[in-house]
There are 2 protein chains.
Amino acid sequence: MNCQDRFGSILFKAEKCNLEEIDAAKVCSTYKKGEVVFQEGTYPFGIYCVNTGKIKLSHSGDDGREQIVRLAKPGDIIGYKALLSAERYTASAIALDDSSVCFIPKDLFMSILQKDANLSFEMMRIIASELRKAETKITHLAQKPVRERLAETLLFIKETYGVEQDGTTLNVRLSREEIANLVGTATESAIRLLSEFKKDGLIELQGKKIRLLNQEEITRTANLQD
Amino acid sequence: MNCQDRFGSILFKAEKCNLEEIDAAKVCSTYKKGEVVFQEGTYPFGIYCVNTGKIKLSHSGDDGREQIVRLAKPGDIIGYKALLSAERYTASAIALDDSSVCFIPKDLFMSILQKDANLSFEMMRIIASELRKAETKITHLAQKPVRERLAETLLFIKETYGVEQDGTTLNVRLSREEIANLVGTATESAIRLLSEFKKDGLIELQGKKIRLLNQEEITRTANLQD
DNA sequence: CCCGGCTCTTGACTCTTGTCATTTTTCCCC
DNA sequence: GGGGAAAAATGACAAGAGTCAAGAGCCGGG
């Protein structure tokens with residue numbers, strides 16, 4: 001699966017001529033696990049599209065603690081908010097795995113967006129759906145206890161990155177700190193609750209591997225109803 | 001200032017012909033304080049644009065507590081997320097004051113959006129900026145204590161609805177519960193902290209009137225740095 | 001004008017969650 | 001393979017924040 005294949009599930013919505021333009025101008029690079037694709041506080045020069053691998057997007061809070069606001073997977077576009085608002089990045093993008101990411105220069109992307117109603121329309125839908133999710137997250141952060149949010153986060157990770165062949169092991173390695181930063185809690189709290197989940201037979205832990213043993217019960221613990 | 005004047009600061013970006021079409025199809029209605037413009041869980045038939053007045057958008061959480069995710073003012077568009085994703089509303093819109101709101105039918109709006117790159121582009125920018133704010137809110141909810149969030153919320157309300165002629169009284173009447181739902185905390189906590197702020201000379205309280213006496217200090221309390 | 005039902009306020013208490021400190025484990029890199 | 005640093009786990013403690021309960025104040029409707 002090469003760069004072109006994967007590039008921009010969304011961007012395929014672009015008109016024919018634009019697609020070729022994009023193809024010509026894009027640059028694909030690879031990032032090793034832990035490498036920074038773009039850094040909070042800097043100005044954007046274009047947008048990125050995840051080709052292969054996994055990217056986390058995180059805000060760093062005042063005290064240096066980070067909050068992961070999004071997990072990106074192949075086909076996802078990242079870095080569009082800063083570009084669209086012509087401001088600095090408010091989040092950093094960091095590879096969770098070795099990843100391949102394509103870059104499209106700002107000018108090209110913006111000019112196409114302004115011409116191509118189809119593409120703008122699709123982008124709009126995507127962003128609207130992100131906003132929807134963000135608002136739900138706000139509500140849950142404000143109202144749900146950490147335990148429920150952790151369970152929800154485990155399900156979210158599964159939704160996003162899927163599982164390995166065994167059908168239960170989450171297909172991504174996250175540190176406890178990263179999990180905590182997804183949930184929005186202290187690392188120790190995340191660790192403690194993971195241990196509880198394990199004790200209760202909901203999950204199995206082997207290092208950074210997490211197996212969801214009893215998804216029913218995890219769902220119940222997450223207490224979702226919207 | 002009539003409906004037409006105010007209608008859709010954004011929609012003015014629409015092409016000329018579309019503007020007339022919109023003008024012809026739109027319907028303006030008034031809502032008394034407390035009345036519902038649209039209800040979480042129902043399907044959208046179009047979008048709304050706030051003409052005059054103030055509208056709150058709130059998710060209701062599992063336990064019935066509500067989380068206010070947005071405050072809309074004249075010129076703002078509401079109800080677009082559900083429309084764009086063709087799903088039910090995830091939030092309810094309720095008038096905080098007597099308000100006038102215009103409605104544009106779904107089909108018209110969607111067809112214009114798909115044809116008019118300019119409009120899609122503008123919508124996209126707006127939604128992207130909302131998303132930006134939402135993500136910052138997520139980080140703050142996860143990392144900041146209630147005291148700081150309350151201070152931040154007071155400043156946010158001022159930003160959104162401004163102040164009265166005296167230059168210090170917030171130009172909106174919110175119940176303590178609504179303030180709490182904006183901050184993401186219990187009503188009692190919000191009340192207690194407001195009392196503290198008052199004791200510390202940051203604000204003055206007279207019923208639902210809130211005067212920001214010492215904005216410097218409120219900003220410091222909010223502890224903003226992004 | 002007064003009653004009844006709100007919202008607001010305050011106090012007391014509980015408990016979830018965060019912080020700090022320490023130990024144990026893991027995992028690189030030499 | 002071993003040493004060392006980072007990550008994970010666990011315990012003890014503190015404190016922020018939520019809940020419950022009771023009283024005060026305010027407001028609209030009869």
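Lettering follows sequence order; numbering is per chain, from 1.
In this structure, the CG atom of B/Leu150 is 15 Å from the P atom of D/dG16, given to the nearest Å. Summarising the geometry, the separation between CD on B/Glu148 and P on D/dG16 is reported as 12 Å, rounded to the nearest angstrom. In this structure, B/Glu196 places its CD atom 13 Å from C1' of C/dT10, rounding to the nearest Å. Between A/Glu178 atom CD and D/dA6 atom P there is a gap of 16 Å when expressed in whole angstrom units. The CD1-C1' distance, from B/Ile191 to C/dC6, rounds to 13 Å in whole Å. To the nearest angstrom, P of C/dT7 lies 17 Å from CZ of B/Arg173. If you take CG of B/Leu205 and P of C/dC8, they are 11 Å apart, rounded to a whole angstrom. Here the C1' atom of nucleotide D/dA7 and the NZ atom of A/Lys33 are 12 Å apart, to the nearest Å.
Under 4.0 angstrom from either OP1 or OP2 of D/dT10 there lies at least one side-chain N or O belonging to A/Ser195.
Annotation: side-chain contact (heavy atoms from CB on, under 4.5 Å) contacts of A/Glu216 (sequence neighbours excluded): A/Asn214, A/Arg220. Under the rule for a salt bridge (Lys or Arg N to Asp or Glu O under 4.0 Å), B/Glu35 has no partner lying at least two apart in sequence or in another chain. Residues satisfying the salt bridge (Lys or Arg N to Asp or Glu O under 4.0 Å) test with A/Lys56, not counting sequence neighbours, are A/Glu66, A/Glu178. Taking the salt bridge (Lys or Arg N to Asp or Glu O under 4.0 Å) definition, one finds that B/Glu130 meets it with B/Arg70, B/Lys133, sequence neighbours left out. Every residue two or more places apart in sequence or in another chain that forms a side chain to side chain donor-acceptor pair (under 3.5 Å) with B/Arg147 is listed here: B/Glu196, B/Asp200. Residues passing the side-chain contact (heavy atoms from CB on, under 4.5 Å) test with B/Gln215 are B/Leu155, B/Lys158, B/Thr219, sequence neighbours excluded. Scored by the side-chain contact (heavy atoms from CB on, under 4.5 Å) test, A/Lys199 finds no partners at all (sequence neighbours excluded). Take A/Asp98 and apply the salt bridge (Lys or Arg N to Asp or Glu O under 4.0 Å) test, not counting sequence neighbours, and it matches no residue.
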Contact letters for nucleotides 11-28 of chain C, in which S counts primed atoms plus P, OP1 and OP2 and B counts the base, heavy atoms under 4.0 Å: BB----SSBB--------

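Remark: the B/Arg211 side chain and the B/Thr168 side chain contain an N/O donor-acceptor pair separated by less than 3.5 Å. A donor atom on one side chain and an acceptor atom on the other are not found under 3.5 Å apart for B/His59 and B/Glu40.
Applying the salt bridge (Lys or Arg N to Asp or Glu O under 4.0 Å) test to every pair with at least one member in residues 184-194 of chain B, sequence neighbours left out, gives no pairs at all.
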Mind listing the N/O atom pairs, protein and nucleotides 26-28 of chain D, below 3.5 Å?
none

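When the local axes at the two ends of the helix from C/dC1-D/dG30 to C/dC30-D/dG1 are compared, using 5 base pairs at each end, they differ in direction by 40° after rounding to 10°.
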